[in-house]
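Contents: one structure, followed by commentary.
Start at 1 with the first residue, then count along the sequence.
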Amino acid sequence: MSLKYTEDHEWIQVEGDIATVGITHHAQDALGDVVFVDLPAVGQGYAQKETAGVVESVKAAADVYMPISGEVTEVNEALRAEPSLANSDPMGAGWFFKVKLTDPSQLDALMDEAAYAEFSKD
């Protein structure tokens with residue numbers, strides 16, 4: 001299972017051909033208190049970097065981008081009911097959706113934890 005990061009502050013954790021996607025601690029810090037999430041439809045296919053959802057906070061709204069191409073297999077209904085999970089546990093219970101990978105080679109262009117930590121430094 002590998003954890004990768006995008007320049008748009010999404011994380012992606014891959015297990016086999018299914019990946020779980022969410023926003024990073026850095027993203028939720030920048031957004032502030034999350035009050036609403038718009039999640040993609042299960043069965044919908046997306047290209048890499050296509051907008052797959054929206055997260056709204058008291059300060060701003062931000063698109064959630066698809067880190068890799070694939071088809072959405074599951075969305076986090078708990079997050080829809082309790083958007084603050086994106087703040088309290090962004091790397092765990094606050095995940096956004098799961099996607100079946102169509103081009104695993106796209107993962108190679110994403111950052112590992114060390115690269116992301118360097119990228120997101122203030």
Taking the side chain as every heavy atom from C-beta outward, state whether [X] and [Y] have any atom pair closer than 4.5 Å.
X      : Y      : value
Val64  : Thr51  : no
Pro40  : Val75  : yes
Val21  : Val99  : yes
Ile23  : His9   : no
Gln13  : Ser2   : no
Ile12  : Leu3   : no
Met111 : Glu118 : no
Val58  : Val35  : yes

Checklist entry - Where does the angle between the aromatic ring planes of Tyr116 and Tyr5 fall among parallel (under 30°), tilted (30 to 60°) and perpendicular (over 60°)? => result parallel
Please report the interatomic distance [atom1]([X]) to [atom2]([Y]), rounded to the nearest 0.5 Å.
X      : Y      : atom1 : atom2 : answer
Leu107 : Ile68  : CG    : CD1   : 6.5 Å
Glu113 : Thr24  : CD    : OG1   : 11.0 Å
Lys4   : Asp108 : NZ    : CG    : 6.5 Å
Thr20  : Asn76  : OG1   : CG    : 9.5 Å
Asp38  : Arg80  : CG    : CZ    : 7.5 Å

Checklist entry - Distance only, no hydrogens: is a donor on one side chain within 3.5 Å (strictly under) of an acceptor on the other, for Gln106 and Ser69? => result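 The criterion, which ignores hydrogens and geometry beyond distance, is satisfied for Ser69 and Gln106.
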Item to check | Within one Ile-Leu-Val-Met-Phe-Trp-Tyr cluster: Trp11 and Ile18, side-chain cutoff 4.5 Å | outcome: no
Checklist entry - Given the rule in the side chain to side chain donor-acceptor pair (under 3.5 Å) test, do Asp8 and Thr6 qualify, once you have shown the distances and angles that lead to the verdict? => result CA-CA 5 Å; Asp8 297 307; Thr6 72; 4.7 Å; no
Next on the checklist: According to side chain to side chain contact (heavy atoms under 4.5 Å, CB included), who are the partners of Asp17, at least two apart in sequence or on a separate chain?
Outcome noted: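 Lys100.
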Next on the checklist: Tell me if the CD atom of Glu74 is crowded by more than 12 foreign heavy atoms within 6.0 Å.
Outcome noted: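 Atom CD in Glu74 is crowded, with more than 12 foreign heavy atoms closer than 6.0 Å.
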Contacts under 3.5 angstrom, residues 81-97 side chains, donor-acceptor by atom type, not counting sequence neighbours:
residue, atom, partner, partner atom, Å
Asn87, OD1, Val34, N, 2.7
Asn87, ND2, Gln28, OE1, 2.8
Asn87, ND2, Gly32, O, 2.8
Ser88, OG, Ser84, O, 3.4
Asp89, OD1, Gly92, N, 3.3
Asp89, OD2, Ala93, N, 2.9

Checklist entry - Sequence neighbours excluded, which residues qualify as ring-ring contact (aromatic ring centres under 6.0 Å, His included) partners of Tyr65? => result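 Per chain and number, Tyr65 pairs via ring-ring contact (aromatic ring centres under 6.0 Å, His included) with no residue.
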Can you see which heavy atom on [X] is nearest to which on [Y], and at what distance?
X      : Y     : answer
Met66  : Tyr46 : CE-CD1, 3.5 Å
Leu110 : Gln48 : CD2-NE2, 4.5 Å
Glu71  : Gly43 : CG-O, 3.6 Å
Glu56  : Ala61 : CG-CB, 3.7 Å

Next on the checklist: Go through it in stages, so that I can follow the logic: the residues are Val55 and Leu31, the test is side chain to side chain contact (heavy atoms under 4.5 Å, CB included), and I'd like the CA-CA distance, side-chain angles, deciding distance and then a yes or no.
Outcome noted: CA-CA 9 Å; Val55 58; Leu31 283 166; 3.6 Å; yes
Next on the checklist: Lys98 vs Val72, test: side chain to side chain contact (heavy atoms under 4.5 Å, CB included). Steps then yes/no.
Outcome noted: CA-CA 6 Å; Lys98 296 188 179 188; Val72 176; over 6 Å; no
